[in-house]
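The structure under discussion appears below in the form of structure tokens.
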Amino acid sequence: MKHSPIIVGVDEAGRGALAGPVVAGACIEIPKLKKNPLIDDSKQMTPESREEAYEWITKHCTIGFGISDAAFIDRHGILAATERAMQLAVAMIATITRPDFL
């Protein structure tokens with residue numbers, strides 16, 4: 001039996017910062033996520049609405065996250081650190097289900 005493809009969205013935060021870690025998040029795409037009015041570009045949201053969206057996402061979605069700290073960035077560069085954070089985020093999801101697409 002064929003299954004619907006499992007699509008995982010991945011994004012990072014902190015790549016443009018001058019100090020601190022780079023953090024990546026991953027979330028399995030689900031139809032409800034696209035239709036939820038809570039979900040929007042985080043830069044367009046208030047801190048309160050981001051908290052509410054976070055609560056909804058963690059309750060209804062399969063998520064993962066990864067962090068590359070400043071020391072890793074200094075040793076390997078921001079691109080490698082970003083890729084590592086994203087790989088860690090996807091690896092968390094892969095412990096639950098195998099993604100077909102990222």
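If you read the sequence from its start, that first residue is 1, and numbering goes on from there.
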With sequence neighbours excluded, residues passing side chain to side chain contact (heavy atoms under 4.5 Å, CB included) with Q44: D40, D41
side-chain hydrogen bond (donor to acceptor under 3.5 Å, both in side chains) against D69, all qualifying residues, sequence neighbours excluded: none
Identify every side-chain donor-acceptor pair in residues 87-98 under 3.5 Å, counting partners at least two apart or on other chains, and give the distances.
unit_1 : atom_1 : unit_2 : atom_2 : d
T95    : OG1    : M92    : O      : 2.6

By side chain to side chain contact (heavy atoms under 4.5 Å, CB included) - contacts of E52 (at least two apart): L38
N/O donor-acceptor pairs under 3.5 Å from side chains in residues 4-18, not counting sequence neighbours:
unit_1 : atom_1 : unit_2 : atom_2 : d
E12    : OE1    : R15    : N      : 3.2

Members other than I67 in its cluster, when Ile, Leu, Val, Met, Phe, Trp, Tyr link by side-chain heavy atoms under 4.5 Å? V23
Keeping to residues at least two apart or across chains, list the ring-ring contact (aromatic ring centres under 6.0 Å, His included) pairs with something in residues 72-97. F72-H76
Which atom pair, heavy atoms only, marks the closest approach of S68 to A85? OG-N, 3.6 Å
So how far is it from E55 CD to H60 NE2, rounded to the nearest 0.5 Å? 11.5 Å
For residues 80-102, which residue pairs qualify under ring-ring contact (aromatic ring centres under 6.0 Å, His included), counting only residues two or more places apart or in two chains? none
Co-members of the apolar cluster containing I78 [side chain, <4.5 Å]: V22, I73
